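Note that the structure is predicted; figures quoted are calculated from it, not measured.
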Amino acid sequence: RVYNGPDGRKLFAAPVTSGTDLEMPVIADVDGDGHAEIVVSSDNVGGDNFCNNAVSATELGMPHGGATYGLKVYKDPLDRWTSSRGIWNQHAYHITNVNDDGSIPLVETPNYKTYNSYRMNVQGMNSGGAPVGDATGQIGIAPDSGDCITVWHLYALICNRGAAPFGQGVPGTFYDGDPRKSGKAICTGHTGAATPVGKCQSMTCDWKNPPQGSTDLWFRADDDGTGARPNSECKSGNDVAHLGGGVCGSTPG
């Protein structure tokens, strides 16, 4: 099962049968795309009746079938899961017991001195192994939208889904069109305070002489207006927000 972190709400469930009643899922970036996946094995040793005793008939409105087999890899289709190491070498995995190339250290660094975790992979890493942040964006409700003729005060949230805080001044840029497809930059703002892990900070900027009526708004976090990304991040591709048919002075839907 996959749960929502802040409130524990169940987001995903899938049946996994096993002749030993339970198989342990492991977390690793198995396809090298910069996002974690869930890997779990399954079998029906002992027969279908034995295996299906512990499998509920339905969950989250989806019917569960019979026994499952083999290795399964689950991933978020929107790639919102944080980055993770691409290796998990044993049942008692604890990060420091194996090197990135799969070799085993002759003298292992005690896990508790660096990560203090056990059977849990390291998250939010850059290619050098250091924890970094992950900026995502959300178009928000402006406390003051301006007069909507000479100026439209645009408002957004920049959130940190990574494993290290961002300092003050993370930029964000609004675009008239998808920034991934040559959208035109409108204006750029910056956060006014540091952004801890799991928190958000607001930013604003002004669209001078905005168009009248509805318009599609795009926003990209950690974008300085030229397309450059000033901050090191553990993930890419999850930093764009879109508001279709936005109207100055209205509440984003």
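Taking each heavy atom of V16 and T68 in turn, the nearest pair found is CA-OG1, 3.6 Å. In terms of heavy-atom proximity, A28 sits nearest to S84 at CA-OG, 4.0 Å. In terms of heavy atoms, I95 sits closest to S117 at CD1-OG, 3.7 Å. Closest heavy-atom contact between G225 and A185: O-CB, 4.0 Å. Among all heavy-atom pairs drawn from G227 and R229, the shortest one is O-CD, 3.4 Å. Considering every non-hydrogen atom in both R1 and A13, the closest pair reads CG-CB, 3.9 Å.
Side-chain atoms of D147 come within 3.5 Å of backbone atoms of I149 as a donor-acceptor pair (strictly under, hydrogens ignored). Checked by atom type and distance alone, the side chain of H94 pairs as donor or acceptor with a backbone atom of A92 at under 3.5 Å. Checking side-chain atoms of Q138 against main-chain N and O of C159 turns up no donor-acceptor pair under 3.5 Å. Without hydrogens or angle criteria, R85 side chain to N121 main chain gives no donor-acceptor distance under 3.5 Å. Side-chain N or O atoms of S42 include none that pairs as donor or acceptor with a backbone N or O of S18 at under 3.5 Å. In this structure, the side chain of R220 does not engage the main chain of G137 through any donor-acceptor pair within 3.5 Å. Looking at N160, its side chain never comes within 3.5 Å of a backbone N or O of G198 through a donor-acceptor pair. The closest donor-acceptor contact from the side chain of E108 to the backbone of L106 lies at 3.5 Å or more, if one exists at all.
A continuous path of Ile, Leu, Val, Met, Phe, Trp and Tyr side chains, each step under 4.5 Å between heavy atoms, connects M203 with L217, placing both in one hydrophobic cluster. Under the 4.5 Å side-chain contact rule for hydrophobic residues, L157 and F166 do not share a cluster. In terms of hydrophobic clustering, with Ile, Leu, Val, Met, Phe, Trp and Tyr side chains grouped at heavy-atom distances under 4.5 Å, V73 and W88 are assigned to a common cluster. Transitive grouping of hydrophobic side chains (ILVMFWY, heavy atoms separated by less than 4.5 Å) brings M24 and V39 into a common cluster. With hydrophobic clusters built from ILVMFWY side chains whose heavy atoms lie under 4.5 angstrom apart, Y175 does not share a cluster with V170.
In this structure, CG in N231 is found 9.0 Å from CD1 in I158, a value given to the nearest 0.5 Å. For the atom pair OG1 of T215 and CH2 of W207, the computed distance is 4.5 Å after rounding to the nearest 0.5 Å. Summarising the geometry, atom CD belonging to E37 is positioned 5.0 Å from atom CG belonging to D29; distances are rounded to the nearest 0.5 Å. Here the CG atom belonging to N111 is positioned 8.5 Å from the CG atom belonging to N97, to the nearest 0.5 angstrom. Going from atom CD1 of I186 over to atom NZ of K208 covers 13.0 Å, rounded to the nearest 0.5 Å. One finds the CG atom of N238 at 6.5 Å from the OG1 atom of T136 (value rounded to the nearest 0.5 Å).
Proximity of Y93 to V98: side-chain heavy atoms (C-beta onward) are separated by under 4.5 Å at one or more points. In this structure, I38 and I27 have side chains that are in contact, with non-hydrogen atoms separated by less than 4.5 Å. The side-chain heavy atoms of V240 and P179, taken from C-beta on, include a pair separated by under 4.5 Å. The closest side-chain heavy-atom distance from Y3 to K10 is below 4.5 Å. Two residues are said to be in side-chain contact when any heavy atoms from C-beta on lie closer than 4.5 Å; D76 and F12 fail this criterion. Contact of the P210 side chain with the C248 side chain is not registered, since no non-hydrogen atoms from C-beta on lie closer than 4.5 Å.
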TODO: Kindly indicate, with the supporting measurements, whether the criterion side-chain contact (heavy atoms from CB on, under 4.5 Å) is fulfilled by D239 and D223.
DONE: CA-CA 9 Å; D239 46 20; D223 182 329; over 6 Å; no
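The list of side-chain hydrogen bond (donor to acceptor under 3.5 Å, both in side chains) pairs with a residue in residues 182-205, not counting sequence neighbours, reads T173-T188. Residue pairs satisfying the disulfide bond (SG atoms under 2.5 Å apart) criterion with at least one member in residues 61-116, sequence neighbours excluded, are absent.
Qualifying side-chain contact (heavy atoms from CB on, under 4.5 Å) partners for P110, counting only residues two or more places apart in sequence or in other chains: Y112, K113.
Looking at D144 and Y155, their side chains never bring a donor and an acceptor atom within 3.5 Å of each other.
Note on ring orientation: taking the six-membered ring where Trp is involved, the planes of F219 and F174 are tilted (angle from 30° to 60°).
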